[in-house]
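Since the model is a prediction, treat every value here as computed from it, not as a measurement. Side chains are part of it too, since the values below use all heavy atoms of this structure and drop only hydrogens, waters and symmetry mates.
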Amino acid sequence: RLREHLLALEDAGRAVAVITALSAMTASYFVIRSSARGKKGGSLLFVGACLLAVLATSDAVIEIASGERTIFVAIGFALFSHLLFLSQVVRFARRRERLVARTAELSRRSESLTTSFRELNQRQDELVRKEQLAAIGELAAVVAHEVRNPLAVISNAVATLRRPNLSDEHRETLLGILSEEAARLNQLVGDLLHYAKPLSLEKQSINLRELVDKAVKVLSEHPNVLVEIEEDDDLPRIGGDALLIRQALDNVVNNALQAIGGG
């Protein structure tokens, strides 16, 4: 009876060996299949699975043929376990290398973006400075245009005051013109200093003919220019800012003088 039990155990051992061999071969098949499809299994796992399948098959054949137990399967499992551990270490090392490379790439891109942002700020500052210079140039041209007319009137008035035998009435008129043109220049300077502020109008009752006469006085130094003024007999007074209207009239006269070329 003991012999029967031993024979039964031997048969069970052979069955276990066969099952182990089949399991190892099946695992090897799936590992090979995954490697063929390009899945991440690693060459170490492939080698370990193949070795485990060979050892398990050899163990099963020996036990079936001679009835002797071997330790090849245990050795195979040990090797497979070590290879599995090594494959995980290799996979971790590769992931770490990729992570380091990606981090370095992100750092380079961040530095590139920082450099580009710095260059963009510099170009923006240069553009703002150019726009400021252009605005200053336009403002200087406008100021020169506006200041030229009062200066011409003042120059003519001073030249007239230097004439001998000038009557007191004419002298008082010329002094009034000087005072008025000086006030206009002062107003222009004030507008320049406060150009960013809203324009405030000083409305008053204005004799438009008087403003026109004052605006065309600058043409007295141009003998080739003929001035004719036409108006209604009952021209009414208007309401507005005398300085601004005078400035507009001066611009019209100056532009007309430039357009006709002095003839």
Side-chain angles (χ1 to χ4, degrees), residues 92-159 176-206 208 210-222 225 238-263:
F92 174 78
R94 290 178 178 176
R95 289 183 177 178
R96 181 179 179 277
E97 291 177 356
R98 288 195 297 267
L99 181 60
V100 171
R102 187 171 299 176
T103 302
E105 180 66 20
L106 289 176
S107 298
R108 287 193 295 270
R109 291 184 179 181
S110 178
E111 292 177 357
S112 178
L113 288 175
T114 302
T115 303
S116 300
F117 182 73
R118 189 181 299 111
E119 293 177 354
L120 180 61
N121 284 337
Q122 293 176 355
R123 293 180 180 179
Q124 185 177 5
D125 293 339
E126 293 177 357
L127 181 60
V128 170
R129 285 194 294 269
K130 290 181 179 179
E131 291 179 352
Q132 290 176 345
L133 291 176
I136 292 174
E138 294 178 359
L139 183 61
V142 172
V143 171
H145 183 75
E146 298 294 341
V147 170
R148 185 180 291 112
N149 294 331
L151 289 179
V153 174
I154 292 174
S155 178
N156 292 335
V158 172
I177 292 175
L178 291 176
S179 177
E180 181 181 355
E181 296 303 322
R184 287 185 58 205
L185 288 175
N186 184 53
Q187 179 68 29
L188 289 174
V189 173
D191 292 340
L192 177 62
L193 295 176
H194 301 87
Y195 72 96
K197 296 182 179 180
L199 182 64
S200 58
L201 300 179
E202 297 182 1
K203 292 184 179 181
Q204 54 185 312
S205 180
I206 301 173
L208 194 58
E210 293 179 358
L211 294 180
V212 173
D213 290 336
K214 294 177 181 179
V216 298
K217 281 184 178 180
V218 70
L219 301 177
S220 61
E221 62 182 4
H222 300 278
V225 177
I238 64 173
D241 192 312
L243 290 177
L244 294 179
I245 294 178
R246 172 67 188 280
Q247 182 178 347
L249 292 173
D250 287 338
N251 290 332
V252 172
V253 172
N254 189 37
N255 292 338
L257 184 62
Q258 294 176 0
I260 63 176

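Here CG of L113 is found 10.5 Å from CG of L106. Values are rounded to the nearest 0.5 Å. In this structure, CD in E97 is found 8.5 Å from CZ in R94, a value given to the nearest 0.5 Å. In this structure, CG in L201 is found 11.0 Å from CG in L243, a value given to the nearest 0.5 Å. We find the CG-CD distance between L211 and Q247 to be 12.5 Å, quoted to the nearest 0.5 Å. With rounding to the nearest 0.5 Å, the separation of CZ in R102 from CZ in R95 is 11.5 Å.
Heavy-atom minimum distance, A157 versus L178: CB-CD2, 3.7 Å. Residues P150 and L185 approach most closely at CB-CD2, 3.6 Å, considering heavy atoms. Heavy-atom minimum distance, L249 versus A215: CB-CB, 3.9 Å. The two residues L257 and I260 come nearest to each other via the heavy atoms O-CG1, 3.4 Å.
No donor-acceptor pair under 3.5 Å is formed between the side chain of S155 and the backbone N or O of L151. For the pair N156 (side chain) and A152 (backbone), a donor-acceptor distance under 3.5 Å is present.
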(request) Begin from the C-alpha positions of K217 and I177 and carry the test side-chain contact (heavy atoms from CB on, under 4.5 Å) through to its verdict. (result) CA-CA 10 Å; K217 281 184 178 180; I177 292 175; 3.2 Å; yes
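For the pair I245 and D241, the minimum side-chain heavy-atom distance is 4.5 Å or more.
Listed by first then second residue, pairs satisfying side chain to side chain donor-acceptor pair (under 3.5 Å) with a partner in residues 109-124 read E105-R109, not counting sequence neighbours.
In summary, D250 and R246 engage in a salt bridge, as defined by a charged side-chain N under 4.0 Å from a carboxylate O.
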